[in-house]
Amino acid sequence: MISKGGGRRSGLDGLGCPHERVGSPLLGWIGIIPRVAGAITVVTAVAVLVGWWLDVQILKSFHPTFVTMKANTALAFLAAGASLWLYCCAGSSLWMRRLARACAGGVAVIGLLTLLEYALNQPLHIDQVLFREGPGAVGTPHLGRMALTTAICFVLVGSALCLLDAKTQRVRRLFLVLVVLIALFGQLAVLGYVLGVGYLYGVGATTEMAVHTALLFLVLSAGVLCVRPELSGVELLMSAGAGGVMARRLLAAAFGAPFILGWVIVEGRKLGLYDSAFESSLLIVGSIVFIVRHIWQSAAVLECVDRDRGRAVEDRGRLALRAEAAQAAVRERDEFLSIASHELRTPIAALQLTLQALQRKLGGGGSAALLHERTVRAVDGSLLQVARLARLVDQLLDLSRIKAGRLELDPERVNLVEVVRQAVEPLRVVLAQAGCSLSLRVEREIRGRWDALRIEQVVTNLVSNAMKYGANAPVEISVQRRGDMAVIAVRDHGIGIAPENTARIFERFERAVSPRDYVGVGIGLFVAAQIVEAHGGSIRVESALGMGSTFVVELPIECVVGPLKARQLQGPRHYKPSIP
């Protein structure tokens, strides 16, 4: 189902499926959560240290009956929050990453020293270095010393932060285990405070874990997970796909159910509503209700996604059929164009041969009727039109082959000067008829490896273009070598081209002038550009309105046609320059 906003949403008719968008904003929180977690940890730690400094009880513990967060604990949280913040801001900064690892190492050292105190049952005189705690402190048999579970969590936190730059799969698993253990210790302590069960936040005769210490461990575990989401899999949890939706729902049930049910049980016990047996039954039934409800909702979401996926597959199939039909239509059009062009060539060739034979008879003398001036002009005009039509057919054939990928080069070692002369020679007569004088400036010899017939085609198209738009003006052709490139320049003194049109005239069916003023369909320059580029060269135009145009072709001396080029360019090997 597609929402009006453009995002996909899940929905089941009649099942009340929630609207979960694929473009969920939850993914954007991955980069924000670590910074927020680090800031909360640092601010809380600073507040506790201020509380110890100014002896403000509410800052050291939320309630006078709760155990205080020790000064060493606040110091370790300060280092952990700073390490997390530095990792978020480090980017590619090496010194910031080193400082972050140093802070993480400090966190682990504080935890290890405390564990050593518990193991040896001997004080290392680190518990009250910052501030001294008075006798009679709540839940604190060792004054100033953090809880055993707190020390364990700090060792885990420091180790997890030090592993953030690791990349191996084994380290990834270890990292995830460490963070999960931190969250588990924090959740058990918070649950103990909610249920009033002291052994969940205190172990034997050791110091108890403060409630805000437990909450900060939960905050830190979430922040550390989101620093490297690729290590922890948190991207799945934050995604808007079916897996992310189901994971969030089930995790909410897993973490939320114990707290809610525990609170209900504790309150009921205080009111004397039931005995311990009923408490157990209530816990079991409530857990089942929570889990079944969330499983049902997750199944509904998966069903929505499955239906949407089925519709998407059907839509994709229909689009594929339409695309295939469109491609078939294009192939049929190209095939028709190729066949029509070939069919046109046959009568044109026959008509051209007949007119040429008639032209020879008219030129060889005969009766006065056959030598009539009107007949001669009519035959000459017919030959010009036939030549123009033949040239258009050749261009359509080339266009069809280029589009179908069947136009090929056949490079061989030739003298480019002779190739240009052969292309220009048949055009001298029509140039003279158009009032264009021809100036040919060439070097003696420029040898290289090109397709001679295709280069003749390029020169013919450029000279014909110059004659069309520069009638009654000189046409200048130059051929020279510049380093490893051969350069052909064709200059006319015609109408010129506006700067905004100099690029598009080399595209298919593009023209810089109105077809009402000049005949042509805009194929010649496109075909010429394709041939030049297939040789590994380039073609450009230098022009201005009213100042004429200069078409410059640059060809590498050694034309190397790769496999793709060879398949892209293939054409008839009988090409002859046509007279426009």
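What you see below is based on every heavy atom in this structure, not just the backbone, and it leaves out hydrogens, waters and symmetry mates. Source: prediction; values computed, not measured.
Residue Glu324 qualifies as open at atom CD: its count of foreign heavy atoms under 6.0 Å is 12 or below. Enclosure of atom CZ in Arg482 is not indicated, since only 12 or fewer non-hydrogen atoms of other residues, nucleotides or ligands lie within 6.0 angstrom. Shown here is Asp484, whose CG atom has no more than 12 heavy atoms of other residues, nucleotides or ligands within 6.0 Å.
Here the CZ atom belonging to Phe551 is positioned 10.5 Å from the CG atom belonging to Asn461, to the nearest 0.5 angstrom. Taken to the nearest 0.5 Å, the CG atom of Leu431 stands 6.0 Å off from the CG atom of Leu438. Here Arg101 contributes atom CZ and Tyr87 contributes atom OH; the two are 5.0 Å apart, rounded to the nearest 0.5 Å. Taking CD1 from Ile497 and CD1 from Ile505, the interatomic distance works out to 3.5 Å, rounded to the nearest 0.5 Å. Distance check, rounded to the nearest 0.5 Å: CH2 of Trp85 to SG of Cys103 gives 14.0 Å. The NZ atom of Lys468 sits 10.0 Å away from atom CD1 of Ile495, with the distance rounded to the nearest 0.5 Å.
When all heavy atoms of Ala104 and Cys162 are compared, the pair lying nearest together is CB-SG, 3.7 Å. The shortest non-hydrogen separation linking Gly470 to Cys436 is O-SG, 3.4 Å. Glu554 and Val487 make their closest contact through CG-CG2, 4.1 Å (heavy atoms, listed as atom of the first residue, atom of the second, distance). For the residue pair Arg447 and Asn415, the shortest heavy atom distance occurs at NH1-N, 3.7 Å. Among all heavy-atom pairs drawn from Pro34 and Leu84, the shortest one is O-CD2, 3.5 Å. For the pair Val179 and Ser221, the tightest heavy-atom approach, listed with the atom from each and the gap, is CG1-O, 3.5 Å.
Using a 4.5 Å cut-off on side-chain heavy atoms (C-beta onward), Val419 and Trp450 make no contact. In this structure, Ile557 and Ile446 have side chains that are in contact, with non-hydrogen atoms separated by less than 4.5 Å. At a threshold of 4.5 Å between non-hydrogen side-chain atoms, the residues Arg316 and Val313 count as touching. The shortest distance between side-chain heavy atoms of His535 and Asp451 falls below 4.5 Å. Val532 is listed as a side-chain neighbour of Leu555, based on a closest heavy-atom distance under 4.5 Å. Contact annotation: the side chain of Asp410 never approaches that of Leu453 to less than 4.5 Å [non-hydrogen atoms, C-beta and beyond].
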**Message:** Pair Leu176, Leu225 - check side-chain contact (heavy atoms from CB on, under 4.5 Å), show working.
**Reply:** CA-CA 8 Å; Leu176 189 56; Leu225 278 176; 4.0 Å; yes
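Each of Val552, Ile477, Ile539, Val475 was evaluated against Leu462; a single residue qualifies, Ile539, per the side-chain contact (heavy atoms from CB on, under 4.5 Å) test. Checked against Val224 for a side-chain contact (heavy atoms from CB on, under 4.5 Å), the options Leu161, Ile33, Leu178 give a single hit: Leu161.
A donor-acceptor contact shorter than 3.5 Å links the side chain of Thr502 to the backbone of Pro499. Of the possible donor and acceptor atoms, one in the side chain of Arg35 sits under 3.5 Å from a partner among the backbone N and O of Cys88. Asp492 places a side-chain N or O within donor-acceptor distance of the main-chain N or O of Ser549, the cut-off being under 3.5 Å. Between the side chain of Arg481 and the backbone N or O of Gly483, at least one donor-acceptor pair lies under 3.5 Å.
Using a 4.0 Å cut-off between charged side-chain N and carboxylate O, Arg491 and Glu542 make no salt bridge.
Sorted by first then second residue, the salt bridge (Lys or Arg N to Asp or Glu O under 4.0 Å) pairs that include residues 427-443, not counting sequence neighbours, are Glu425-Arg428.
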